[in-house]
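Below is one structure; the comments refer to it alone.
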Protein chains: 2
Amino acid sequence: MVGVASDAGARRTRPGRGRADKAAAIARAACEVFGRDGYSRASIDAIAAEAGVSTRTLYNHFPGGKAELFRSVMRWSAGRVRDEQLARLRRYLDPHRPPRPEDLERDLLALARAWVALMTDFRDHFSLVRQIQGEAGHVPAEVLDAWQEAGPRAVAREMAEIMAALADHGLLDVHDDPAQAASHFVALTAAEIAQRSYWGVVPLPPEETDRITAAGVRAFLRAYGAAH
Amino acid sequence: MVGVASDAGARRTRPGRGRADKAAAIARAACEVFGRDGYSRASIDAIAAEAGVSTRTLYNHFPGGKAELFRSVMRWSAGRVRDEQLARLRRYLDPHRPPRPEDLERDLLALARAWVALMTDFRDHFSLVRQIQGEAGHVPAEVLDAWQEAGPRAVAREMAEIMAALADHGLLDVHDDPAQAASHFVALTAAEIAQRSYWGVVPLPPEETDRITAAGVRAFLRAYGAAH
DNA sequence: GGTAAACTACAACGCACGTTGTAATAACGA
DNA sequence: TCGTTATTACAACGTGCGTTGTAGTTTACC
């Protein structure tokens, strides 16, 4: 169970010559290796090899060593995915242009599908999230809080605003708690998939994710659809 | 392979003299240390010290070493908590004696509260679950599947049966999918708490968990309450 | 009290890994 | 072309840890 199968010659394309290129390559590689193996099992050598740099260069770019590298990668990955999450949110549910009532379910379903697709599109990130949850007791509380604030909470706030907007337009009844409605939307559409697929590591059959997502959206609309 | 006696005779001071006592003490200690530190960071010395035995005794009881110990503890802890989960399920929603309609929300709320209380009552187990999710890529697939089958899936099946029974008695409308209804019940009442509290590691204020749980039950009843 | 099993302390081996220093080499700007 | 900087290969150190062997001690039981 302990074996790490990634062979060492796995340097893909050479990072460019600039400093920034190396730093980005290291961050991407660290995200992948930390996500796959976890903090303790991930070795600096494996990360450097995956990034195509020497271990010495890695230490030159991240003088704090392994611990600081992990924290940097947490911030880097959280920001990247948060931006993409916010983009998808606004693409499918623009708070300034609410859908027609007969299109609400269609748009919510599209959003839910785009949401669960994130787990495969950013597999490395969500693997890292999984590892962060296991590592929570060993990460300083303020680092953990900063990560939540820069990632999950920012997304939750935006989604709550959209729920409130939909309620203002009479499309939903959020029962005076748009944040709770947003949380329930994510729980109904993504929680089961995340749990059963280990956050995208063991992908479910597409028809299964479609079924679960659609059932989640229908349940959400029964719970939060506007009374008529 | 050495099994772990499933008796619950927990000696609180020192492990007793019998073989079974030692094995149980080691399993309990391993559950705690693996859950706190994760597989890689957890050391055999720390587990042995926590159990109050020598490392040599640990290896005598678990000849497979660290990897086999982890797998044994997965099975042991999953079975223990599954039994408690099933007990609470039946205590609050006996499928043979459905509640009166006016008591349904009260009973569902009591069940939901008992459900989230599991996370603090069995903190070590759920910490271990968190670590298993991070370790999923390094645990043989059949071990992972056996664990799911002995724990989460067994509970999900039982809850689905209860949902079906409530539907048969006209208390719920499960929309032809009692398993999905059960999954949604858990998602609505426990998912947000599990995520925000890191599976019980960083406990939320009690009033916050109460609020979330109650809102989840109300949303569930709006989505799955019998039409009237 | 005696015997067998269980248990403990202790040492030792080997390996993997984080980290640092150093000297040589390649890239880039003036 | 020269000098500066980034990068590399390589060695080395220390440490922590999984695992095993051994010899002595305790416990259980007849």
Side-chain angles (χ1 to χ4, degrees), chain A residues 1-27 29-30 33-34 36-73 135 138-139, chain B residues 1-5 9 11 13-27 29-30 33-34 36-73 131 135 138-139:
Chain A
M1 85 192 293
V2 187
V4 174
S6 94
D7 92 1
R11 59 186 59 181
R12 11 183 86 166
T13 60
R14 261 211 216 73
R17 301 159 186 79
R19 262 190 80 95
D21 287 333
K22 300 277 184 186
I26 292 170
V33 178
F34 277 135
R36 167 161 38 85
D37 295 339
Y39 178 79
S40 291
R41 209 193 301 255
S43 77
I44 295 290
D45 282 2
I47 295 172
E50 181 67 37
V53 300
S54 71
T55 64
R56 207 61 185 80
T57 302
L58 190 150
Y59 278 101
N60 287 342
H61 280 272
F62 296 89
K66 196 181 183 184
E68 183 57 32
L69 175 61
F70 188 72
R71 279 170 241 164
S72 296
V73 169
E135 211 67 20
H138 299 278
V139 177
Chain B
M1 138 177 20
V2 176
V4 175
R11 295 249 192 273
T13 58
R14 295 221 175 115
R17 304 143 181 88
R19 259 189 83 93
D21 287 331
K22 299 278 183 184
I26 293 170
V33 177
F34 276 135
R36 167 161 36 87
D37 295 340
Y39 179 79
S40 291
R41 210 194 296 257
S43 78
I44 296 290
D45 281 3
I47 296 172
E50 180 68 37
V53 301
S54 71
T55 65
R56 207 63 186 78
T57 300
L58 189 150
Y59 278 100
N60 287 341
H61 280 272
F62 297 89
K66 195 181 182 183
E68 182 58 31
L69 175 60
F70 188 72
R71 285 178 278 227
S72 296
V73 169
Q131 302 294 348
E135 211 67 18
H138 300 277
V139 178

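Here is the naming used below: chain letters follow the sequence lines, and residue numbers restart at 1 for every chain. Below, each value reflects all heavy atoms present in this structure, side chains not excepted, and no hydrogens, waters or symmetry copies. Predicted model only: the values in this text are computed from it and were never measured.
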Euclidean distance, atom CG of residue A/Leu69 to atom C1' of C/dC17 [Å, nearest integer]: 15 Å

Pairs flagged by salt bridge (charged side-chain N to carboxylate O under 4.0 Å, His left out) wherever residues 58-70 of chain A is involved - sequence neighbours left out: A/Glu68-A/Arg71, A/Glu68-A/Arg75

B/His61 side chain near C/dC7 phosphate (N/O to OP1/OP2, under 4.0 Å): yes

Nearest-Å distance for atom pair CG/C1', residues B/Asn60 and C/dT8: 11 Å

Whole-Å distance separating the CG atom of B/Asp21 from the P atom of D/dT27: 14 Å

Whole-Å gap separating P (C/dA11) and CG (B/Asp45): 14 Å

Protein-nucleotide distance (B/Lys66, atom NZ; C/dC15, atom C1'), rounded to Å: 14 Å

Of the listed nucleotides D/dG18, C/dT8, C/dG18, the one nearest the side chain of B/Thr57: C/dT8

Nearest-Å distance for atom pair CZ/C1', residues A/Arg56 and D/dA11: 13 Å

Side-chain N or O of B/Ser54 closer than 4.0 Å to phosphate OP1/OP2 of C/dT8: yes

Residue pair A/Ala25 / A/Ala51: nearest heavy atoms and the distance that separates them: O-CB, 3.6 Å

Minimal non-hydrogen separation, B/Ala27 against B/Val73, with atom names: O-CG2, 4.0 Å

Minimum heavy-atom distance A/Ile26-A/Leu58, with the two atoms named: CD1-CA, 3.9 Å

Ring geometry between B/Phe34 and B/Phe70 (parallel below 30°, tilted from 30 to 60°, perpendicular above 60°): perpendicular

Degree of bending, the helix from C/dG1-D/dC30 to C/dA30-D/dT1 (end axes from five pairs; round to 10°): 30°

Closest non-hydrogen atom pair between A/His61 and A/Lys22, with its separation: NE2-CB, 3.6 Å

Under-4.0 Å side-chain N/O to phosphate OP1/OP2 contact, B/Lys22 with C/dA5: no

Nearest-Å distance for atom pair CG/P, residues B/Asp37 and D/dG16: 15 Å

Spacing between B/Ile44 atom CD1 and C/dC15 atom P, to the nearest angstrom: 19 Å

Sequence-distant partners of A/Ser54, side chain to side chain donor-acceptor pair (under 3.5 Å), two or more places apart: A/Thr57

Touch class at under 4.0 angstrom, heavy-atom based, for A/Ala42 against every strand present: sugar-phosphate

